[in-house]
Amino acid sequence: MRDAHYNFKAIEAYWQQEWQRQRLFCVTESADKSKYWILDMFPYPSAAGLHVGHIEGYTATDVLGRYKRACGFNVLHAMGWDAFGLPAEQNAIATGVHPSINTQNNINAFRKQIQRVGIGIDWSREIDTTAPSYYRWTQWIFLQFFKHGLAHVENKPVWWCPKLGTVLANEEVIDGKSERGHYPVERRALRQWVLNITAYADKLLDGLAQLHWPEATLRQQKLWIGRSKGARVKFQIPNGGCLEVFTTRPDTLFGVSFIAIAPEHPAVSQLTTDEQRAAVQAYQASIAAKSDLERTDLAKNKTGVFTGSYAMHPLTHEPIPVWVADYVLMYHGTGAVMGVPAHDTRDYAFAQMAHLPIVPVIQAEKESPLPFCEPGVLIHSHEFSGLPTDEAQERITQALVERQLGEATVQYKLHDWLFSRQRYWGEPFPIIWVKEVDYQRLLQCKNSPLHEFLPIQPVTYEADGMKFYAVPLTSQHLPVTLPKVDSYQPTEGSTTPLQNADPQWLNIRINLATGAIEPGVQGASTEWIEGSREINTMPQWAGSCWYYLRYLSPHNKDRLVDPKALAYWGTPDLYVGGAEHAVLHLLYARFWHHFLFDIGVVPTSEPFTHLFHPGIILGADGNKMSKSLGNVINPNDIVDQYGADALRLYELFMGPLESSKPWSTQNIEGVARFLNRLWRTCIGPDGELSKNITQDEPSDDSKRLLHESIQKVTDAIERLRFNTAISQLMICLNGFQKEATIPKQSMEVFLQLLAPFAPHITEELWHRCGRTEAIVDAPWPKADSALCVSRQLNIPIQVNGKLRGMLVVQVPAQETEVIQAAKADAKVAPYLEQKTLIRTVYVPNKLVNFVVK
RNA sequence: GCCGGAGUGGCGGAAUGGUAGACGCUGAGGACUUAAAAUCCUUUGAUCGUAAGGUCGUGCGGGUUCAAGUCCCGCCUUCGGCACCA
């Protein structure tokens, strides 16, 4: 292969094949080398193929990986597929073809695309969340949650999306629409699996402190967890019992002029007097008819109706009117609030609407209009008057505790994680539902293998007057694979496509003593209990919560992750992926990892200590790339036209990695020219190494340029400022070309610097220079800082901060000499005449500034 | 509404408080060519001036400093996030 012109197609194909053949990027634990683990958020293999945005991220990590490797690190860079999820299932519904077929096709296309841009991946570690050998461990982790009482079943109002035929987690609902597909959602009460993430709220919050993450992402997680300290306060109500409210401002307790409860609050009908019943019921009906979007519209005026009842203030014993108001949300706190109009904006608006008293109980430092929502000093608050907010909160809470009418508590915005979907293409739950009597028999059979994941508190649900108990299958039953079904069509209510599976799969019996399972209905006996399988599947997030761990020992059959591999690789040194996962994936995965830490599976509590979000690549029109706008760039077309190296180089040259930037096919010409110029510089018209590449010693100027480039490129890669690294490489090549000849040793160093960005062309030229090892395995060049300093410098001379002249000085320059010369400079002197020199600022090797009057 | 990021030539963007606009694109002029493409050279912030050179200039208004794109205060625009969370 001795092309005279830059035949990127042949070069790229050849080296990609060669790297594969040599298994160049396959790594193993190696005690004599430091590890560097670089992790990309693995993609969902969509039918649309890899996006230029994916490539930007993978190229960035590849550049870092190749660079670290040249620096002597043992670099782990693996790839996998987050392949469960709705689009494959929607396709299955439309075509009747099993989602796994479609998924495998997409995976093959994605893998090929990634290989085509030359990303250095250890493909021996490839994982696929839909492979039974993988989801066996997803199911195993679920069973651990189950065993530790963190997974249970609730019949609760959930977001139901009729179009998708499934429920969605809070996080998957945006403005009353599904995150995927933007279909309307509604509230429905359904039986659901729930993971108790709120039990980890504090750990997830506290753990943020040790993370090197973008500030905005840390803030988003913090706000999402939404920890608020406050108190629960009981207001006694007429027919006995209490109305409990949550407040973060117990210090304003004496300013309560009403209590507002959510329209769905269970105490509404008890509290409603006969005179008010019609009005309250009409109000409830009007709220029920509204969508959540309408209800939560901030701009709307406050509404509500009086129940006719009064609750008793816990400290003053005064009667407080109880209102029903839809600005109170049933799903937060207790679904009831104490209205303190003087010190809460919402309560203030409500009180004005309802003509309720507004009693100030907090004094502001200076005159402030009501509502005043800041801390201050208490007034009109009996013995607590005069106390500052923070002290009053403690004292008043204490007073409530003494009367058993309140307690200090912490409330989270974070809700438990809705963990089941009424769909087909997801991990089946390894759970069997049995009757109460059978569960009791299981409990008595103390040596049963089925106790492996049995929780202390049974997980149950009731239907048609029957109570069902969840029995966890054992490790030996895993994986529970997806059965074949005739129809993937989503269903109404709480049935799911798995309901259509073979009854032999749906109904099984389990041997209490041995844990053996047999298909179909065969009747119970002394040894066997009968049950039916859970027919929900897990949400798409499940598989992505722990995939990175599997990269460390992807083929291990006995363990989720090999502890030896874990001890060597630790946690990823850098995790790169989109900011759109700031709360969803990153919070869920942290939760799982914290839990795995608690049960001793992993040695650290946090999975991702260093995180980076690449910016989005927009269409040439500045809009987000989308089919409907017709501004989508297909990376395959770019690779065909300009080559993978040009694509890689351009994507990183566009701008800083973290910022969003528009695509410009015109600008890619620039980097393509740069690569062509490099080729022509190295290869002569005969296809051999150019005559201009010589064994000469480099000139001082070119030596300085090279070492300056080593320094700048190295520093830029370390700081992920790839765009400036590339510009320095362009400067370097421009400089080389000004010389009559280029020393081969300089060119080889230049190729090494460019290699992480444009691995194919540099590998080719490197070998044509006569080198035999892979360019990534040549040690990264070191800058000689002594060579970087120029012997001559241009020193700007300012007068009163304005540039007036330029001085050329020899480098070890004496201050007095420089200043003398500066004063004497023909362009500067006139500005100093007739003036008094007040001050002379001299910054060595930088500038001179004369301050005159 | 609240919280955060960002505003620099015709465009993408550079610039540890120290020569604003590196590098690239585009445009203009030129060389090579029968011609074109490719390539190479010159030039390309605005403005005044024949020129030397001057003045202005990093969203707007102030401030700190010998010196501000960079730091501080107050706005505007824009992009994200949250959105009655008590």
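Nothing here was measured: the structure is a model prediction, and the numbers come from that model. Each chain gets a letter, A, B and so on, in the order its sequence line appears, and its residues count up from 1.
Within the cation-pi definition used here (under 6.0 Å to the ring centroid, within 45° of the axis), A/Arg227 does not qualify as a partner of A/Tyr412. Stacking of A/Lys302 on the aromatic ring of A/Phe350 is not recorded, the 6.0 Å distance cut-off and the 45° axial limit not both being met.
Summarising the geometry, atom CG belonging to A/Asp825 is positioned 12.5 Å from atom CD belonging to A/Gln820; distances are rounded to the nearest 0.5 Å. Rounding to the nearest 0.5 Å gives a distance of 13.0 Å between OG of A/Ser702 and NZ of A/Lys738. Rounded to the nearest 0.5 angstrom, A/Leu586 CG and A/His581 NE2 are separated by 8.0 Å. Atom-to-atom distance recorded for A/Glu264:CD and A/Met330:CE is 7.5 Å, nearest 0.5 angstrom. Interatomic distance, A/Asp645 CG to A/Phe674 CZ, rounded to the nearest 0.5 Å: 10.5 Å.
For A/Arg677 and B/C41, the CZ to C1' distance is 13 Å, given to the nearest whole Å. Between the CZ atom of A/Arg804 and the P atom of B/U19 there is a distance of 16 Å, given to the nearest Å. At whole-Å resolution of the value, CG in A/Leu753 and P in B/C23 are 18 Å apart.
As judged by a 4.0 angstrom heavy-atom cut-off over every strand, A/Val245 is placed among residues making no nucleic acid contact. Contact annotation for A/Leu223: no contact, since no heavy-atom pair falls under 4.0 Å across all strands. Using a 4.0 Å heavy-atom distance criterion, A/Arg219 is classed as a sugar-phosphate-only contact. Within 4.0 Å of A/Asn734, counting heavy atoms only, lie sugar-phosphate atoms of the nucleic acid but no base atom. Backbone-only contact: A/Ser228 has heavy atoms under 4.0 Å from sugar-phosphate atoms and none from a base. Counting any heavy atom pair closer than 4.0 Å across all strands shown, A/Ser664 reaches no nucleic acid atom. Among the heavy atoms of the strands lying under 4.0 Å from A/Tyr831 are primed sugar atoms or P, OP1, OP2 only; no base atom is included. Nucleic acid contact for A/Met338: none, since no nucleic acid atom lies under 4.0 Å from a heavy atom of the residue. Residue contacts for A/Val337: at a heavy-atom cut-off of 4.0 Å it reaches a base atom on one of the strands shown.
Minimum atom distance to the side chain of A/Asp326 is reached by B/C84, of the listed B/C84, B/U26, B/C66.
Aromatic pair A/His343/A/Tyr348: ring centres not closer than 6.0 Å.
As rounded to the nearest Å, B/A15 and B/C71 have P atoms that lie 14 Å from one another. Straight-line distance between the P atoms of B/C40 and B/C23: roughly 15 Å, to the nearest whole Å.
Using a 4.0 Å cut-off, some side-chain N or O of A/Arg673 falls inside it from OP1 or OP2 of B/U26. Taking only side-chain nitrogens and oxygens, A/Lys827 never comes nearer than 4.0 Å to OP1 or OP2 of B/U19.
Taking a pair to require two hydrogen-bonding distances under 3.5 Å in either a Watson-Crick or a G-U wobble arrangement, B/U55 pairs with B/A46. Look at B/G24: its Watson-Crick or wobble partner, with both distances under 3.5 angstrom, is B/C11. B/C84 makes up no base pair with any nucleotide shown, lacking Watson-Crick or G-U wobble contacts both under 3.5 Å. Across all strands shown, B/U39 pairs with B/A31; the Watson-Crick or G-U wobble distances both stay below 3.5 Å. The pairing partner recorded for B/A6 is B/U77, the criterion being a Watson-Crick or G-U wobble arrangement whose two distances lie under 3.5 angstrom.
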Base, backbone or nothing for each nucleotide of nucleotides 11-18 of chain B, written B, S, -, heavy atoms under 4.0 angstrom, 5' to 3'? -BSSSB-B

Going through the checks in order, is the side chain to side chain donor-acceptor pair (under 3.5 Å) test met by A/Glu407 and A/Thr397? CA-CA 6 Å; A/Glu407 57 178 350; A/Thr397 305; over 6 Å; no

Test ring-ring contact (aromatic ring centres under 6.0 Å, His included) on A/Trp417 and A/Tyr200; report intermediate values, then the result. CA-CA 11 Å; A/Trp417 177 12; A/Tyr200 274 73; over 10 Å; no

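Non-hydrogen atoms lying under 4.0 Å from RNA chain B are contributed by nothing in residues 249-263 of chain A.
Applying the salt bridge (Lys or Arg N to Asp or Glu O under 4.0 Å) rule to pairs touching residues 669-681 of chain A yields nothing, sequence neighbours excluded.
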